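Predicted, not measured: the structure shown is a model, and the values here were computed from it. Heavy atoms only: backbone and side chains are in, while hydrogens, waters and symmetry mates are out.
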Amino acid sequence: EALPFVVKAREVDVKVLGTAFNVNAYSQEKDIQVSLLRGNVNVFSRESNQLLAQLQPNQKAIFDPAQNICSVTTCDAKVESSWHLNYLIFNGATTQEVWKKLERWYGVNVTLINIKEENRYWFTVKTESLTELLDMINKITPMKYVLKGEEVVITYL
């Protein structure tokens, strides 16, 4: 806490005060998300230096830079930051949320066909290969997939 630092992530600055946190600021995504595991963080607009959020553990700030709107929700910060422990946890995630994370995890581009927005997924990825994972998800939600190099086309049945 005596040595705060600032993480610059696209349109926000995250002031860190002796803590464990996660920042999701991918350029191809609309929102910037900051989740807090322990300690304190303050999220500021880089443009105006306005305080957007003061987070407590298990809270997440979601900032939409296009509309300059920030909301704070509760979250399971262990789930949000599990990637740094070399696994991913999905706890009620939508099909789109699952594949967005898995694209990054496996370094592939995924095309989804015939997805059903109401589908939700609960599972953990540890050491499974992409093929093992595709076969596992196929058991949860029937689908066909074609894997060609870094391209994956998934058609839900």
Check whether any side-chain heavy atom of Val152 lies under 4.5 Å from a side-chain heavy atom of Thr111, and answer yes or no. no
Tabulate below the donor-acceptor pairs under 3.5 Å that side-chain atoms of residues 94-102 make, not counting sequence neighbours, or state none.
{"unit_1": "Thr94", "atom_1": "OG1", "unit_2": "Glu97", "atom_2": "N", "d": "3.1"}
{"unit_1": "Thr94", "atom_1": "OG1", "unit_2": "Glu97", "atom_2": "OE1", "d": "3.4"}
{"unit_1": "Glu97", "atom_1": "OE1", "unit_2": "Thr94", "atom_2": "N", "d": "2.8"}
{"unit_1": "Trp99", "atom_1": "NE1", "unit_2": "Tyr156", "atom_2": "OH", "d": "2.9"}

Worked check of side-chain contact (heavy atoms from CB on, under 4.5 Å) between Val34 and Asn22: CA-CA 6 Å; Val34 179; Asn22 189 60; over 6 Å; no
Before giving the answer on side-chain contact (heavy atoms from CB on, under 4.5 Å), spell out for Gln56 and Asn40 the whole-Å C-alpha distance, their side-chain angles and the decisive distance to 0.1 Å. CA-CA 6 Å; Gln56 300 299 314; Asn40 296 297; 4.0 Å; yes
Name the atoms and distances for all side-chain donor-acceptor pairs under 3.5 Å in residues 64-74, with sequence neighbours left out.
{"unit_1": "Asp64", "atom_1": "OD1", "unit_2": "Ala66", "atom_2": "N", "d": "3.0"}
{"unit_1": "Asp64", "atom_1": "OD1", "unit_2": "Gln67", "atom_2": "N", "d": "3.4"}

Can you hop from Ile89 to Leu37 via hydrophobic side chains spaced under 4.5 Å? no
Could I get the full list of side chain to side chain contact (heavy atoms under 4.5 Å, CB included) partners for Lys139, not counting sequence neighbours? none
Rounded to the nearest 0.5 Å, what separation is found between the CD atom of Gln28 and the CD atom of Glu103? 8.5 Å
Can you tell me if NZ on Lys126 sees more than 12 non-hydrogen neighbours from other groups inside 6.0 Å? no
Between Asp76 (side chain) and Lys78 (backbone), is there a donor-acceptor pair under 3.5 Å? yes
Set of side-chain hydrogen bond (donor to acceptor under 3.5 Å, both in side chains) partners for Ser45, sequence neighbours left out: Ser48
Kindly write out the residues that satisfy salt bridge (charged side-chain N to carboxylate O under 4.0 Å, His left out) with Lys8, not counting sequence neighbours, or none if the list is empty. Asp13
Less than 3.5 Å apart, which donor and acceptor atoms pair up between the side chains of residues 130-138 and the rest of the protein, not counting sequence neighbours?
{"unit_1": "Glu132", "atom_1": "OE1", "unit_2": "Ser129", "atom_2": "N", "d": "2.7"}
{"unit_1": "Glu132", "atom_1": "OE1", "unit_2": "Ser129", "atom_2": "OG", "d": "3.4"}
{"unit_1": "Asp135", "atom_1": "OD1", "unit_2": "Tyr145", "atom_2": "OH", "d": "2.7"}
{"unit_1": "Asn138", "atom_1": "OD1", "unit_2": "Met143", "atom_2": "N", "d": "2.8"}

Interatomic distance, Lys60 atom NZ to Leu55 atom CG [nearest 0.5 angstrom]: 11.0 Å
Does anything in residues 107-133 pair up under ring pair (Phe, Tyr, Trp, His ring centres under 6.0 Å), and if so which pairs, sequence neighbours excluded? Phe90-Phe123
Are Val153 and Ile115 linked, directly or through intermediate hydrophobic residues, by side-chain heavy-atom contacts shorter than 4.5 Å (ILVMFWY only)? no
Roughly how far, to the nearest 0.5 Å, is CZ of Phe63 from CG of Asn24? 14.5 Å
Roughly how far, to the nearest 0.5 Å, is CG of Leu88 from OG of Ser82? 5.5 Å
Under a single-linkage definition using a 4.5 Å side-chain heavy-atom cutoff for Ile, Leu, Val, Met, Phe, Trp and Tyr, are Val23 and Val43 assigned to the same hydrophobic cluster? yes
Checking Glu151 against Asn109: is there a side-chain donor and acceptor pair closer than 3.5 Å? yes
Val14 and Val6: side-chain contact (heavy atoms from CB on, under 4.5 Å), yes or no, with the steps? CA-CA 5 Å; Val14 181; Val6 174; over 6 Å; no
Report yes or no: do Leu36 and Phe5 belong to one cluster of Ile/Leu/Val/Met/Phe/Trp/Tyr joined by side chain heavy-atom distances under 4.5 Å? yes
With sequence neighbours excluded, what pairs up with Glu11 under the salt bridge (charged side-chain N to carboxylate O under 4.0 Å, His left out) test? none
With sequence neighbours excluded, tell me which residues meet salt bridge (charged side-chain N to carboxylate O under 4.0 Å, His left out) with Lys144. none
Please step through side-chain contact (heavy atoms from CB on, under 4.5 Å) for the pair Ile32 and Lys30, ending with a clear verdict. CA-CA 7 Å; Ile32 300 168; Lys30 178 183 121 179; over 6 Å; no
Pairing residues for Arg10 by the salt bridge (charged side-chain N to carboxylate O under 4.0 Å, His left out) criterion, not counting sequence neighbours: none
Same cluster or not: Val7 versus Leu51, using hydrophobic residues (I, L, V, M, F, W, Y) connected whenever any side-chain heavy atoms lie under 4.5 Å apart? no
If every non-hydrogen atom of Asn58 is compared with every non-hydrogen atom of Ala77, which pair is closest and at what distance? OD1-N, 3.0 Å
Can you tell me how far apart CD (Gln54) and CZ (Phe44) are? Round to the nearest 0.5 Å. 7.5 Å
Looking at every heavy atom in both Ala9 and Arg46, which two are closest together, and how far apart are they? N-NH2, 3.3 Å
Enter the distance from Gln59:CD to Phe21:CZ here, rounded to the nearest 0.5 Å. 15.5 Å
Hits for side-chain hydrogen bond (donor to acceptor under 3.5 Å, both in side chains) against Thr155, two or more places apart or cross-chain, chain-then-number order -> none
Using the test side-chain hydrogen bond (donor to acceptor under 3.5 Å, both in side chains), find all partners of Glu29 that sit at least two apart in sequence or belong to another chain. Arg104
Looking at Glu118, I want to see if its CD is surrounded by more than 12 non-hydrogen atoms of other residues, nucleotides or ligands under 6.0 Å. yes
